[in-house]
J.: 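Please see the structure below; I have some questions.
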Amino acid sequence: MAYQTQQVTRVLHWLSAFFIIGLLGSGIYMADGNDYALYDWHKAFGVIAFLLVIIRLYHRKDNPWPSSAKGTSHEKYVQYMHQFLLIACVLMPVSGLIYSGLGGFGVDVFGIEVIPSRYNEKAEVLAYNQAGSDLGKAVHYYLGYLMTALVIVHVFAALKHHFIDKDNTLSAMIKAKNTH
Ligand code: HEM
Ligand code: HEM
């Protein structure tokens with residue numbers, strides 16, 4: 001893979017990791033503490049993360065990352081893990097949008113209305129489709145915790161490679177060696 005292409009992969013990996021770790025953390029915090037001040041931020045950054053993930057997948061389609069696990073006995077598992085993480089990166093924002101959107105809560109990205117909210121004059125929310133919203137909520141909840149656990153495993157795997165195996169798995173994802 002060309003140097004510039006690898007750089008794009010790295011930037012997209014770390015940028016989406018930054019957003020998604022923030023979203024997992026803020027999501028768990030607000031769902032546990034009912035801190036409503038965070039909801040609008042979480043939803044807006046969730047939509048931005050979704051756009052970032054779409055760009056990442058589009059780039060990845062033609063430029064798969066040359067995983068350091070290639071040729072090892074655990075190559076398949078690493079591949080499944082990375083595939084799971086990518087699928088979760090798509091399903092989390094989609095389920096969030098379905099949950100908030102169909103639930104009538106609305107989605108607004110810093111002043112741009114993506115999905116209108118629907119409240120009655122008593123300020124009660126009126127769902128567009130309650131069953132759909134409940135399904136989105138359930139997916140967002142269970143997948144959110146599963147993804148959190150697997151991101152932790154992913155991070156520990158990267159740290160193990162770096163500090164115990166002392167190979168370049170993490171360094172390769174951080175810094176390019178310009179061979180040209
Ligand atoms: C990559 C994107 C996202 C990630 C990783 C993420 C992660 C999470 C997590 C882990 C939770 C706590 C578990 C739960 O109660 O559901 C949560 C809660 C929540 N998320 Fe997201 N989220 C993302 C995007 C979105 C989007 C785009 C929306 C809506 C437009 C959204 C709306 C919500 C809401 C309303 C809650 C609170 C649920 C409650 O009070 O029970 N999320 N999110
Ligand atoms: C929510 C956060 C994260 C997600 C969703 C994520 C996802 C992924 C995915 C899908 C890949 C495979 C490359 C690709 O196909 O694009 C990958 C590779 C990698 N990630 Fe992450 N990542 C996250 C956070 C992190 C963090 C915090 C670290 C470091 C501590 C890390 C270290 C690495 C490394 C070293 C690789 C290369 C693995 C290899 O060569 O096989 N990631 N990540």
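Just follow the structure's listing: the first ligand is 1, and inside any ligand the first atom is 1. Along the sequence shown, residues are numbered consecutively beginning with 1. Just the heavy atoms: all of them, side chains too, but no hydrogens, waters or symmetry mates, feed the values below.
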J.: At what distance is the nearest protein heavy atom to atom 9 (C) of ligand 1, and which residue and atom is it?
T.: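 Here the closest protein heavy atom is Gly27 CA, 3.7 Å.
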
J.: Atom 41 (O) of ligand 1: which protein heavy atom is closest, and how many Å away?
T.: Lys137 NZ, 3.8 Å

J.: Parallel, tilted or perpendicular: which fits the ring planes of Phe19 and Phe45, with parallel below 30° and perpendicular above 60°?
T.: tilted

J.: Is it the case that ligand 1 has an N or O less than 3.5 angstrom from some N or O of Ser100?
T.: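 In fact, backbone or side chain, Ser100 has no N or O that close.
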
J.: Which bit of Tyr99 is near ligand 1, meaning a heavy atom under 4.0 Å away: side chain, backbone, both or neither?
T.: side chain

J.: Applying the 4.5 Å side-chain criterion to the ILVMFWY set and letting contacts propagate, would Val114 and Ile54 be lumped into a single cluster?
T.: yes

J.: Of all the atoms in ligand 1, which lie at a distance below 4.0 Å from a heavy atom belonging to Tyr141?
T.: 14 (C), 15 (O), 16 (O)

J.: Under the ring-ring contact (aromatic ring centres under 6.0 Å, His included) criterion, do Tyr145 and Tyr141 qualify, and how do the steps go?
T.: CA-CA 7 Å; Tyr145 286 100; Tyr141 177 84; 5.1 Å; yes

J.: In the protein, what heavy atom is nearest to atom 7 (C) of ligand 1, and what distance, to one decimal place, separates them?
T.: Met92 CE, 3.3 Å

J.: What's the shortest distance from atom 29 (C) of ligand 1 to any protein heavy atom, and which residue and atom give it?
T.: Gly96 O, 3.3 Å

J.: Just which atoms of ligand 1 are under 4.0 Å from any heavy atom in Gly46?
T.: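 Result: 24 (C), 27 (C).
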
J.: Quick one: does His161 get within less than 4.0 Å of ligand 2, heavy atoms only?
T.: no

J.: Are any N, O or S atoms from His154 nearer to atom 21 (Fe) of ligand 2 than 2.8 Å?
T.: yes

J.: Considering only protein heavy atoms, which is closest to atom 1 (C) of ligand 1, and at what distance to one decimal place?
T.: Pro93 CD, 3.5 Å

J.: Hey, is ligand 2 close enough to Ser67 that some N/O pair sits below 3.5 Å?
T.: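 There is such a contact, yes.
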
J.: With a cut-off of 4.0 Å, which atoms of ligand 2 are near a heavy atom of Leu86?
T.: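 Atoms satisfying the 4.0 Å criterion: 10 (C).
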
J.: With atoms numbered from 1 as shown, which atoms in ligand 2 lie under 4.0 angstrom from a non-hydrogen atom of Ser68?
T.: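 Going through ligand 2 atom by atom, the ones under 4.0 Å from Ser68 are 39 (C), 40 (O), 41 (O).
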
J.: Could you tell me whether His140 and ligand 1 have an N or O pair separated by under 3.5 Å?
T.: yes

J.: Quick one: do Thr169 and His162 satisfy side chain to side chain contact (heavy atoms under 4.5 Å, CB included)? Show the steps, please.
T.: CA-CA 7 Å; Thr169 305; His162 194 71; over 6 Å; no

J.: With a cut-off of 4.0 Å, which atoms of ligand 2 are near a heavy atom of Val155?
T.: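 In order of numbering, the contacting atoms are 26 (C), 27 (C), 30 (C).
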
J.: For atom 34 (C) of ligand 1, which protein heavy atom lies nearest, and how many Å away is it?
T.: Met30 CE, 3.7 Å

J.: Is Arg56 close to ligand 2, meaning an N/O of one under 3.5 Å from an N/O of the other?
T.: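 Yes, since at least one N or O of Arg56 sits under 3.5 Å from an N or O of ligand 2.
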
J.: For atom 33 (C) of ligand 1, find the nearest protein heavy atom and state the residue, atom name and distance (0.1 Å precision).
T.: His42 CD2, 3.5 Å

J.: Do other residues, nucleotides or ligands put more than 12 heavy atoms under 6.0 Å from the OH atom of Tyr77?
T.: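 For Tyr77, atom OH is not crowded (no more than 12 foreign heavy atoms under 6.0 Å).
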
J.: Heavy-atom distances under 4.0 Å decide this one: backbone, side chain, both or neither, for Phe18 against ligand 2?
T.: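 Under 4.0 Å from ligand 2, Phe18 contributes no heavy atoms.
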
J.: Using a 4.0 Å heavy-atom cut-off, say whether Leu24 meets ligand 1 through its side chain, its backbone, both or neither.
T.: both

J.: Check for me, please, whether Val153 and Leu24 land in the same ILVMFWY cluster - side-chain distances under 4.5 Å, paths through other members count.
T.: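 Shared cluster, yes.
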
J.: Out of all atoms in ligand 2, which are within 4.0 Å of some heavy atom of Ile20? Include the element for each.
T.: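 Every atom of ligand 2 under 4.0 Å from some heavy atom of Ile20: 1 (C).
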
J.: Considering only protein heavy atoms, which is closest to atom 40 (O) of ligand 1, and at what distance to one decimal place?
T.: Tyr39 OH, 2.4 Å

J.: Starting from Phe105, can I reach Val109 by hopping between I/L/V/M/F/W/Y residues whose side chains sit under 4.5 Å apart?
T.: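 Val109 does not cluster with Phe105.
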
J.: Test of understanding: given a 4.0 Å heavy-atom threshold, classify the contact between Phe105 and ligand 1 as side chain, backbone, both, or neither.
T.: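 Neither part.
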
